[in-house]
Amino acid sequence: MSTEKGPNFIEELIAADVASGKHNGRVLTRFPPEPNGYLHIGHAKSICLNFGVAKKFNGKTNLRFDDTNPETEETEYVESIKADIKWLGFDWANEFYTSDYFDTLFEFAIKLIKNGWAYVDDSTSEQIAEMKGTPTEPGNESPFRNRTIEENISLFEKMKNGEFKEGEKVLRAKIDMASPNMHMRDPVIYRIKHAAHHRTGNKWLIYPMYDFAHGQSDSIENITHSICTLEFEVHRPLYEWLIEKLDIFPSRQYEFARLNLSYTVMSKRKLLQLVKEKHVDGWDDPRMPTLSGLRRRGYTPASIRNFCDIIGVAKRENVIDAGLLEFCVREDLNKHALRRMVVLNPVKLIITDYPDGKTETFHAENNPEAEDKGGYRQITFSKEIWIEREDFMENPPKKFFRLAPGQMVRLKNAYIIKCHSFKKDDNGNITEIYCSHIPESRSGKDSSGINVKGTLHWVDAGNCTSVEVRLYDRLFRSENPGGANDFTNDLNPDSCRIIHHAMAEYALTEAQPVEHYQFLRLGYFFADKNSTAEKQIFNRTVTLKDTWAKELKKKE
RNA sequence: UGUCCGAUGGUGUAAUGGUAACACUGCAGAUUUUGGUUCUGCCUUUCCAGGUUCGAAUCCUGGUCGGACAACCA
C-alpha cells in the first residue's frame, strides 16, 4: 500500500530543470556501483531513487560499473550486481563501464596538462599527504608543481608506457594548495598500477582516480543528474572544476543522505569482513542486509521498493528502524503468502473420543486475504495430532487462551477440543495431551454454539512431513553494532536457530521454491536455495506480529 | 579551532510566509476459526536567542548540537 507521497527534494530540483527547459527537458541518471562487493539495502535506496526519478520524468537510467581500481574489482561482483538490480525490478538503458572510457579519460588528462592544469609529481604518497596540510592549515606546493608542459606530457606518456614503478609518480590536477576544500589541493588524478583489470586486462598501467573518472564518465554519457550520497558533497567543487576546464557536457551532481538501518551494518568493508571471517554463510546469507541475502531470506522486490519509497529522501543523517523493513515485508506477504500449518516444537495430542483409524478431510483456504481465498487445499484430521508445545500449559496464567487442563480451544479448520488430562515423563516433560472433541463444532458446520478464545495450528500425525526450518533473527543484538568498538562483538549468537524436524501438513510437500508461505501463527517462510524435494528447508523471513509474546515480555 | 552540509514527535518523512501532518513504533479498544489481518481512538513534534512580518517550522542574524572532508579507495 504505497500511499501517495509528495516529491522529494531531488525530484523538485529535477522538476524545476525540466520546467525551465534545461537539456530540452531530457533526464538521464545513472547507477554507478563499484564491482567490489554485493549490493545491499542501502544501494536499493539509491537504485530506487535513480531509476525512480528517471521514470517519473520520462527519462532513462544507465548502469555504469565504476571500475577504476583493478585490485579490488571482480567479474563475480558485476554479475551479482546485475542480477540484483533486475530482481529489484529495474531495467537500465545501457550497461557501461568506466573502463570503456579509459582512452578518452587519458586524452582528457593530456588536455589538462596542455593547458597547464595538471602536472606529474615524483613525491611519495607520504610526502604528498604531508604537503596536503590539514583541514585547518593550508598545504604546501610540491617541488614538481612547475614542470614544463612538455616535460609533463613526456612523463605522463612514460607512466602510461610502464617506464616507472608503481608509486613512483602520479598525475595531479594543479588547482590550489591553500584551498579550504581539501579536495581542491592538487588532487591526484592518475596513479600507476601494474595490475590486471577485470575488463581491460593488461592494457593499462595507469588508472584514473575516482574524481577524474566519475564526473567525466557522467559527462561522456550526457548524464543530466548525477545523484550520489552526502560524503561526495565536498567533491562537488572538483567535479565542476574538471567539467569546466575540460569544457565537456555539464552534468550536475546532487547529494542525498544514505540509508542507515538499526541492528545492522552497511559498509562494504564490514560486510566483506563478515563473509571472510565466516560469521555468516556468504554474501547471500539470509541474515545479511545484501539484496541477495534478503532475497534468500524471502523478502520480495515489491516490499523493498515500498520500503525505499516510505523512508523518503532527504539530506539529514538518518537511522531507519529495522522494524520498518519488517513491517513492509509483512504487509506484502500477508496479501500473497499461502497459508500452511507447521509445528516447530511438537507434542502429541490424542483425541480420546475420536474413533481409531478414522480420517476426515477438511478444506482449508490458502489465503484469507485473497478475494477467492487463494483456492483451497486439503488437510486431514485423525485421532492423533501434533500441536505446538508452547500452546499447552499445565498451570496457565490469566488470559492464556490456549490449551490447559479443563480449557477449550479451536483447532484451526477442525474441531473445538477440551483438554481433560495429560501425561509426563520422569523428568516432568509433557509427553501426551488428552482431549475430547465437540463433534458439532466442525469447521464450517459449527452448530455447537460454543465460542472459544484461542485457535491452534496443528498437524495430522498420521499424514505429515518432516521439514527443516531455519529461524533467523537479527544478526546483531545492538542497535548500532560496535559503535566505536569492534562490531563483531555485537553479533547476535542466536541469529540462526535450526529446527531439523518440524512437522508440516502434507500439502507442503508440494511447495514450490518460488512461493512465499505463511506458517500459521508462526511467520512467513521461503524455501532456501538448498532445499530439495527430499529435504525441504524453509527460511523464516519474519515472524508474525506477536502481541502475546509482547504481553509476556511486559510481565517479566 | 578551517570549509561544506544538516537540525520538525521515540524513528523517518511532509508542510515551500497562512490551522504542524502522514507512516512506523507505543498505548487502549472493536472485530476475528491465525493473540495474524482489518477497524477505531489516544500519546508524542518545529535546537536556542534575537530580528523582519498582521502572521515564521519556513526569511535574516548570532549561537548550540550533529555529520562530512586531511586514501596513489569509491
Side-chain angles (χ1 to χ4, degrees), chain A residues 1 3-9 12 32-34 36 66-69 71-73 121 123-125 128-130 132-139 166-172 179-185 188-193 206-207 209-211 213-214 228-237 255 257 262 268-269 310-321 323-324 326-328 330-331 334-335 339 341 364 368-369 399-402 409-414 416 441 443-444 446 451-457 518-523 543-551:
Chain A
M1 179 172 41
T3 41
E4 202 56 40
K5 264 189 117 174
N8 59 53
F9 79 98
E12 283 179 352
E34 183 189 9
N36 69 345
D66 217 339
D67 54 351
T68 58
N69 187 355
E71 285 162 355
T72 57
E73 295 152 4
D121 195 332
S123 309
T124 64
S125 67
I128 290 176
E130 201 160 315
K132 204 123 203 177
T134 69
T136 54
E137 298 161 300
E166 284 194 20
E168 214 175 321
K169 287 182 168 45
V170 291
L171 183 70
R172 291 228 258 169
S179 170
N181 183 331
M182 297 294 289
H183 296 276
M184 299 298 272
R185 322 241 266 226
V188 173
I189 57 178
Y190 258 97
R191 80 284 215 192
I192 300 169
K193 268 187 196 292
I206 55 172
Y207 292 90
M209 298 288 292
Y210 166 85
D211 283 308
H214 199 100
C228 63
T229 46
L230 249 29
E231 67 267 30
F232 293 104
E233 206 158 26
V234 280
H235 293 244
R236 190 170 0 116
E255 309 87 11
S262 61
K268 274 199 257 186
R269 198 203 96 235
I310 284 177
I311 58 176
V313 178
K315 286 193 81 157
R316 74 185 85 113
E317 301 285 343
N318 61 84
V319 181
I320 307 285
D321 189 337
L324 186 59
E326 294 173 351
F327 165 82
C328 288
R330 281 194 192 103
E331 185 189 42
N334 176 51
K335 286 182 292 196
R339 314 291 134 121
M341 292 200 283
E369 303 299 316
K399 294 208 280 186
F400 182 78
F401 305 139
R402 304 179 187 184
V409 294
R410 156 78 63 184
L411 292 174
K412 179 75 181 175
N413 296 121
I416 291 173
S441 68
S443 193
D446 189 349
N451 276 318
V452 292
K453 283 283 229 175
T455 300
L456 306 188
H457 63 279
Q518 183 196 105
F519 293 172
L520 242 56
R521 303 210 298 141
L522 298 175
T543 61
L544 255 32
K545 221 168 94 181
D546 191 344
T547 48
W548 174 242
K550 207 185 288 174
E551 186 81 16

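So you know, we letter chains A, B, ... as the sequences are listed, proteins then strands, and number each from 1. Worth knowing before you read on, the calculation uses all heavy atoms, side chains too, and leaves out hydrogens, waters and symmetry mates.
Of all nucleotides present, none satisfies the Watson-Crick or G-U wobble test against B:A74 with each distance under 3.5 Å. Of the nucleotides present, B:G2 is the one that pairs with B:C69 by Watson-Crick or G-U wobble criteria, both distances under 3.5 Å. Pair assignment for B:U44: none, as no Watson-Crick or G-U wobble contacts are both less than 3.5 Å. Pairing of B:U64, defined by two Watson-Crick or G-U wobble distances under 3.5 Å, is identified with B:A7. Shown here, B:A21 forms a base pair with B:U13; the pair counts as Watson-Crick or G-U wobble because both key distances fall under 3.5 Å. Pairing of B:G55, defined by two Watson-Crick or G-U wobble distances under 3.5 Å, is not identified with any nucleotide. Figure legend. B:U37 is base-paired to no nucleotide; pairs are counted as Watson-Crick or G-U wobble with both atom distances under 3.5 Å.
The distance from atom NZ of A:K550 to atom P of B:A28 is 9 Å, rounded to the nearest whole Å. At whole-Å resolution of the value, CG in A:D321 and P in B:C24 are 12 Å apart. For the pair A:M184 CE and B:C4 P, the computed distance is 13 Å after rounding to whole Å. The separation between A:I128 atom CD1 and B:C73 atom P is 11 Å, rounded to whole Å. For the pair A:E551 CD and B:C27 C1', the computed distance is 12 Å after rounding to whole Å.
Residue A:V170 has its side chain nearest to B:C72 when only B:C72, B:U25, B:A14 are considered. If you check B:A14, B:A74, B:U37 against the side chain of A:N334, the one that comes closest is B:U37. Considering only the side chain of A:N8, B:A14 comes nearest among B:A14, B:G36, B:U13.
Centre separation under 5.5 Å together with a plane angle under 30° holds for the ring of A:W548 and the six-membered base ring of B:G35, marking them as stacked.
The aromatic rings of A:Y210 and A:H235 stand perpendicular to each other, their planes meeting at an angle above 60°, with 30° marking the opposite boundary.
Of the two residues contacting RNA chain B, namely A:D446 and A:G312, the nearest-nucleotide position lying further toward the 5' end is that of A:G312. Each of A:G167 and A:T455 was matched to the nucleotide of RNA chain B holding its nearest heavy atom; the match closer to the 5' end belongs to A:T455.
Residue contacts for A:R402: at a heavy-atom cut-off of 4.0 Å it reaches a base atom on one of the strands shown.
Salt bridge status for A:E166 with A:R191: absent, with no side-chain N to carboxylate O gap under 4.0 Å.
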Expected rows: protein N/O vs nucleotides 67-71 of chain B N/O, under 3.5 Å:
residue : atom : partner : partner atom : Å
B:G67   : O2'  : A:E317  : OE2          : 3.0
B:C69   : O2'  : A:H183  : NE2          : 3.1

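Side chains of A:D121 and A:S123: a donor-acceptor N/O pair is present below 3.5 angstrom, by distance only.
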